[in-house]
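The block underneath contains the structure these notes are about, expressed in structure tokens.
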Amino acid sequence: MGNKLNPVGGGGWLPAGLASNQEADHMSRFKMPPQIFRLVLLTIGIVVSYLIARQLLTPASFRDFGFYRGAALEEVASRTPVYAGKKACDECHSEVLLKLAKGDHKTVSCETCHGVSQEHAGNPDITPVKLTGSHCIRCHEANPSRPAWFHQITVKNHYTGQKCTECHVPHQPNEVP
Amino acid sequence: MSLEITNAIVEAIPRFEGYVYPNESGTHPLWGFLIVLYPYITGLVAGAFIMASLVRVFRVKPLEPVYRLSLLTALAFLLCATLPLLFHLGHPERSFQIMITPHLTSPMAIFGFVYAWYLMAVLFLELWFDYREDFVEWSKTESGFRGILYRAFTLGVTDVSDKALALDHKLSWIISIVGIPSAFLLHGYVGFIFGSIKANPWWGNAIMPIIFILSAMVSGIALCVFNYMVLTWVRRRTLDLRCLDVMGMFLFYALVIDATVEALDWIHRAYSAEEGFHVMEYMAKERLFYTLSIGQVLVGTLIPLLLLGILQVLRKRIPDAVRKRMYFGSAVFILIGVLAMRWNVVMGGQFFSKSLRGVMSYKLEFAGVEGWFMGLILLSLPFIILTVLIKLFLAERLPTSGHVPHRMEGI
Amino acid sequence: MKFEFSRRRMLGAVSGALAGLLSAPAARAAKATVQKVFASSGAPNGYDPYKHKWLMCFDVDKCIGCGLCVDACKTENHVPQASHYFRTWIERYIIKKPKPGSDRTRGEVLVDSPNGGRDGFPPTVVPREEILKSFFVPKLCNLCEASPCTQVCPVGATFDTPDGAVLVDPNYCIGCGFCIQACPYGCRFLNPETKTAEKCNLCYHRITRGLKPACVEICPTEARIFGDLKNPVVDDPIQAFIQKNKVFSLKPHLGTEPRVMYANLDKEVR
Ligand code: SF4
Ligand code: SF4
């Protein structure tokens, strides 16, 4: 018998050292073929080390909200915004915003024309970007794809050599200066 | 400087016709040649395993000479099967997360377990039970590195009594039976990874796993023919022509079924002509002409069908030397054709926009992680592993126990 | 007898250890429900994701194709500059009149999006008389209810948050690109620098601070409507929009159930 030659492979549930000689006879009652015993041992080893690895390597916040790393929410949220937002402008320039709210440009945000102003909001000495007439044209140049309600001009026919702002006030587009 | 010029040229060549979503209009396909290799290699594994189970489960006696070779082939390719996936990841160092936090709704995550199951519960086990007697024997006769290796492989079990061996045979027969659906699962699953993408009408198709399995069987058998012929040639042995004929027969039948099902798929697509069929049709004609019409249909299907068909009918009348060449030729053509088929599936799905309004044209580079070179290295790796495996487990000087898988009395 | 006893004990010990290992994640999940508000430094303090449900919708009739939103998105989110990385983009549809004599209802449909619309749209080469109609359609992540990208991500690196965004965890994404293939709307791309998937996240760092997403902030015509479905205030823009308009979503047949909805959409838009 193979297990006589090699007690470790003998298929008992206990390592040879623990199973005393008298018990070896009892063992035959529970004998498991040696190959199978080895494989069962190996399988248990693999499964247990997988479970331990899983235990150690799963991020702490995993499944906090769902099947993902819960900490990711805060990580994604902690980037600093680039655009300051109309509310920030309102803190100092409320009079301009009031004027703006009366005309057709009421839906336009400050940074739509003045550009990123986060720095300016933090430090008024940094001036926001100066805008040019090409910026007006970007929206108002006639284009068959633009909706009909939108105010459009064909620059070729409309432009008479002046700057847009000589005739139009961006903050109050419905008024003529 | 030259880089600038190539860049300028690449910029100048229109990368797409019609409209494609801006995010799709890059210069590279998202999944390149590596992902073409991934289903190719897994398919070869599944096919080679099914080849081996023809011997063990279906007791096709003439195929005995290739039984162990096909199992080793399956193992060599399986060991490489995840490499292309791994290399194409943006963060290969995070790949362990797939096993640690597998998202159970993701085909890709489950693939990790299907793979582990197939490797450890099927292939390793079947090989171990088949080789156990030999390991015990070799560990006694061999010394040095080999001796240590074989001793380790016995896992300390030295019982080679008749009773124990009978159990070995019985178990490996059971494992083979479990192995067939597992091999189908393994490769069907690869098909499902593509078939589950409903966003892509070229991929999102219920028949995809079936097509993958069928073509896998074809390519796996072809690979075994190829390996067997090369091995006997290298060792200057005589080919067992009877074995070759039987392999050729199975190859022919598998190919017929595969070609029929794929043709059915196309007919169905063309007939139902759902949204987006026109752009796919255009793409197949313009972008996949060489790989689809020439590679897959002509080289991979029609020519081998013809060769193998002739061999089925006129086997007796063809001289042995010609017959061998014809088998070898069909095997090689099929291997090329199935590679082309994988290319058509993987790249075809990325050659047209999901807006269904345009097609892209990608250029595959030679260098780079997703380039040809890397792909060729990866493709030769399993052959290198196979050589090592053959040296270890099919060495000519090592006597084998002489038991034959099909002769399993008492089962 | 003694042996059997010890065997049972050993089995007990092994299965006990296994049970412990298996149940540990569950125990962790139970613990987690307690802490919900953002507390870490840098994150907007006290924000509770369960108290909001953000959503963006579009009124196609209001989009003038200025492309300022595309530019704002790139600036706000440091999106790679190249012309094939966009979290949001504008498409121009030009539907031509049917050819004279043809019995079709519409002619050819031309779609383009030069540089994602970031630089605005140059006047079209199609003569005005040949155009049946033309319009702009802004696109971004459709915030699918049954998002295929979340479904296929092998590691849970992309997910639906309780407050309505679909986020990518850049520190956990393995960069496999499966989600990019699975998104039917072409909303995702693999960031060439971080090598992880990226897409519109509704400017999660802004909305959690009470700001609007950059594109909504910048849009001059309010074509982009943004709001909170859980906002108790009656005149929340998104609630009003959904009430007032008949809306449609993109590729509904795929069953992704996009929450992003469009008013005044044409059938040609996919
Ligand atoms: S639109 Fe694309 S990225 Fe957004 S949730 Fe849907 S599938 Fe995901
Ligand atoms: S690229 Fe990242 S987010 Fe997308 S499926 Fe892969 S791991 Fe998930």
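Because the structure is a prediction, the values reported are computed rather than measured. Order of the sequence lines fixes the chain letters, A, B, ..., with proteins taken first and strands second; residue numbering starts at 1 for each chain.
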Using the six-membered ring wherever Trp is involved, compare the ring planes of [X] and [Y] and label them parallel, tilted or perpendicular (cut-offs 30° and 60°).
| X | Y | result |
| --- | --- | --- |
| B:Trp266 | B:Phe277 | perpendicular |
| B:Tyr19 | B:Tyr21 | perpendicular |
| C:Tyr262 | C:Phe58 | parallel |

Taking [options] one by one, which has the highest count of heavy-atom pairs under 4.5 Å against chain B?
| options | result |
| --- | --- |
| C:Gly156, C:Gly116, C:Ser113 | C:Ser113 |
| C:Lys139, C:Glu91, C:His253 | C:Glu91 |
| C:Arg188, C:Gln181, C:Lys195 | C:Gln181 |

C:Lys97/C:Glu130 salt bridge by N-O under 4.0 Å criterion: no
Checklist entry - For chain C, which residues from residues 341-348 of chain B lie under 4.5 Å away (heavy-atom distances)? => result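 Heavy-atom contacts from residues 341-348 of chain B to chain C are absent.
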**Study point:** Check: C:Phe136 ring centroid to C:Phe121 ring centroid under 6.0 Å
**Key:**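 Ring centroids of C:Phe136 and C:Phe121 are less than 6.0 Å from each other.
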Aromatic ring proximity B:Phe192/B:Tyr189, centre distance under 6.0 Å =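 Centroid separation for B:Phe192 and B:Tyr189: below 6.0 Å.
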[X] portion near chain C, given a 4.5 angstrom heavy-atom threshold:
| X | result |
| --- | --- |
| B:Leu89 | both |
| B:Glu275 | side chain |
| B:Ile35 | neither |
| B:Ile110 | neither |
| B:Trp203 | side chain |

Which atoms of [X] approach chain B - backbone, side chain, both or neither, heavy atom under 4.5 Å:
| X | answer |
| --- | --- |
| C:Glu198 | neither |
| C:Ile180 | both |
| C:Arg87 | neither |
| C:Tyr172 | both |
| C:Phe159 | neither |

What's the verdict on ring-ring contact (aromatic ring centres under 6.0 Å, His included) for B:Phe212 and B:Tyr40, showing C-alpha distance, side-chain angles and the deciding distance?
CA-CA 9 Å; B:Phe212 264 56; B:Tyr40 187 55; over 10 Å; no
Worksheet item: How far apart are the C-alpha atoms of B:Ser25 and B:Met360, what are their side-chain angles, what is the distance that settles it, and do they pass the side chain to side chain contact (heavy atoms under 4.5 Å, CB included) test?
Response: CA-CA 7 Å; B:Ser25 66; B:Met360 294 78 123; over 6 Å; no
For C:Thr124 and C:Arg92, run side chain to side chain donor-acceptor pair (under 3.5 Å): C-alpha distance rounded to whole Å, both residues' side-chain angles, the deciding distance at 0.1 Å, then the answer. CA-CA 10 Å; C:Thr124 163; C:Arg92 168 168 62 186; 5.2 Å; no
Q.
Is a donor from one side chain sitting under 3.5 angstrom from an acceptor on the other, for C:Asp163 and C:Tyr204?
A. yes
Do C:Thr256 and C:Tyr185 meet the criterion of a side-chain donor-acceptor pair at a distance under 3.5 Å?
-> yes
Let's test your reading of the structure: which of [options] forms the most heavy-atom pairs below 4.5 Å with chain C?
| options | result |
| --- | --- |
| B:Ser353, B:Ser196, B:Ala109 | B:Ala109 |
| B:Glu24, B:Gln97, B:Met99, B:Gln350 | B:Gln97 |
| B:Pro22, B:Ser95, B:Ala199 | B:Pro22 |
| B:Ile197, B:Asn23, B:Asn200 | B:Asn23 |

Margin query: Counting C-beta onward and ignoring hydrogens, is there a side-chain heavy-atom pair between C:Phe135 and C:Val269 closer than 4.5 Å?
Written below: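 Yes, side chains in contact.
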**OP:** Show your working on side chain to side chain donor-acceptor pair (under 3.5 Å) between C:Asp160 and C:Ser147 and close with a plain yes or no.
**Re:** CA-CA 8 Å; C:Asp160 310 284; C:Ser147 43; 3.2 Å; yes
dist B:Leu37:CG -> B:Leu381:CG (nearest 0.5 Å) comes out at 11.0 Å
